[in-house]
2 protein chains.
Amino acid sequence: MLRIGKLTDYGLVVLNQLALAGAVKQSTDDISQATGLTVATVRKVMKAIVDAGLVNAQRGSKGGYRIALAPAQISVLDVVQAFEGPISLTECSADDNQCEITDSCSLSSNWTGINDLLLRVLGDITLDDIRNPGVQDTLHHQIVDQLQRIQLVNL
Amino acid sequence: MLRIGKLTDYGLVVLNQLALAGAVKQSTDDISQATGLTVATVRKVMKAIVDAGLVNAQRGSKGGYRIALAPAQISVLDVVQAFEGPISLTECSADDNQCEITDSCSLSSNWTGINDLLLRVLGDITLDDIRNPGVQDTLHHQIVDQLQRIQLVNL
DNA sequence: AAATACCCTACCAAATTAGTATGGTATTAC
DNA sequence: GTAATACCATACTAATTTGGTAGGGTATTT
């Protein structure tokens, strides 16, 4: 299926809501109501995106959450990594490669390249892009430009 | 983690082996020995790639498997789909979208676009590309060209 | 007819993910 | 300074998915 986790998905939805609220602090309850997620689930989501530094939290009465960066500064990659850790399509493209046949497997180095490519694509898509339908055209160009500029080392 | 399944990975390894063997038919045992995978696992792998039409099987004595297409005709996407079905990063980008908040969620249409982009990237990388280190430079250009040509409708 | 080798289905175990509950801590307001 | 508010940390359970295995069935060749 190659699907991202539901929590990651929720994370984007919550971030979208926080972007909407702007400077107005949102409590767990507020977010729960606005998104339809249960309070318990929201809490779990918040932990991940607070830890990742994407959202600021303030405790106590009058506390709540506020988005920490501009939507254009938050990439889909940031969110995915906040919930699922580093992306590695295969065992051999992980940092702690534990694949036993890496030596004899000629595909290994190439997976790394594909993995990098995916990273860059997801890194180029920002929260702003997926919120605002108008920006989509430019998004495509950005990706192409980026790809041309970096000349993917391993790919 | 956003990782492809091990079986998918095995599939690529097996296809690599079959590409190596060329016209020479390989039995389940042959493949098992060449790849280090157990016979039972190889059987499971074979079913998927035979069903997908990537490999031809012949039964009976003197039977075995043979790759059905040229390595340049088999994309990583083909293999991923053979094992994991259609790619849909999120619930809402699946064919049978069951997400309950799709209507109220403004992100839905954009996920579809990201999903498409990933499809195209994986569809452009062929078995030949990941087998042959020399082709990697041209691969990058192919992807860029492709992206520019198609002008991603939804993205 | 016997040997070879693929085919199909079902089952079990392990790992991951989703969802929930509970008690703790910081901050504000009165 | 105490009570109310609201975030924090951890742990646990259940559901789902994935990986691995087994066993009996069918087609083809010699």
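Just so it is clear: chains get the letters A, B, ... in the order the sequence lines come, proteins before strands, and each one is counted from 1.
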Proximity to DNA chain C (any heavy atom under 4.0 Å), residues of residues 52-71 of chain A only: A:Q58, A:R59, A:G60, A:S61, A:K62

Proximity to DNA chain D (any heavy atom under 4.0 Å), residues of residues 19-31 of chain B only: none

Results of side chain to side chain contact (heavy atoms under 4.5 Å, CB included) for B:A34 - residues two or more places apart only: B:Q17

Under the side chain to side chain contact (heavy atoms under 4.5 Å, CB included) test, residues paired with A:A40 that sit two or more places apart: A:T38

Residue pair A:T90 / B:R3, side-chain donor-acceptor N/O under 3.5 Å: no

Residues forming a side chain to side chain donor-acceptor pair (under 3.5 Å) with B:T28, sequence neighbours excluded: none

For A:A21, all residues meeting side chain to side chain contact (heavy atoms under 4.5 Å, CB included), sequence neighbours excluded: A:Q26

A:Y10 vs C:dA18: side-chain N/O to OP1/OP2 distance below 4.0 Å: no

Contacts of A:S32 that satisfy side chain to side chain contact (heavy atoms under 4.5 Å, CB included) - sequence neighbours left out: A:V39, A:V42

Only pairs under 3.5 Å count here: list side-chain donor-acceptor contacts from residues 60-78 of chain B, not counting sequence neighbours, and write none if there are none.
residue: B:R66; atom: NH1; partner: B:A23; partner atom: O; Å: 3.3
residue: B:S75; atom: OG; partner: B:L77; partner atom: N; Å: 3.3
residue: B:S75; atom: OG; partner: B:D78; partner atom: N; Å: 3.0
residue: B:S75; atom: OG; partner: B:D78; partner atom: OD2; Å: 3.2
residue: B:D78; atom: OD2; partner: B:S75; partner atom: N; Å: 3.0

Gap between atoms CZ and C1', on A:R3 and D:dT16 respectively (whole Å): 12 Å

Protein-nucleotide distance (B:I4, atom CD1; D:dT18, atom P), rounded to Å: 12 Å

Pairs flagged by salt bridge (charged side-chain N to carboxylate O under 4.0 Å, His left out) wherever residues 45-60 of chain B is involved - sequence neighbours left out: B:K47-B:D51

Taking only N/O atoms, report every protein-nucleotides 8-10 of chain C pair under 3.5 Å with atom names and distance.
none

Length of the CD-P vector between A:E91 and D:dT18, whole Å: 16 Å

Side-chain heavy-atom pair B:I130, B:N16 within 4.5 angstrom cut-off: no

Whole angstrom value for the distance that separates C1' of C:dT16 from NZ of A:K6: 14 Å

Listed once per pair and sorted, the salt bridge (charged side-chain N to carboxylate O under 4.0 Å, His left out) pairs that draw on residues 24-41 of chain A, sequence neighbours left out: none

Distance, rounded to the nearest Å, where B:F83 contributes CZ and D:dG20 contributes P: 12 Å

Expected output: side-chain A:T8 to main-chain A:I4 donor-acceptor under 3.5 Å: no

Integer-rounded Å distance: D:dC8 P and A:I49 CD1: 11 Å

A:T38 side chain near C:dG19 phosphate (N/O to OP1/OP2, under 4.0 Å): no

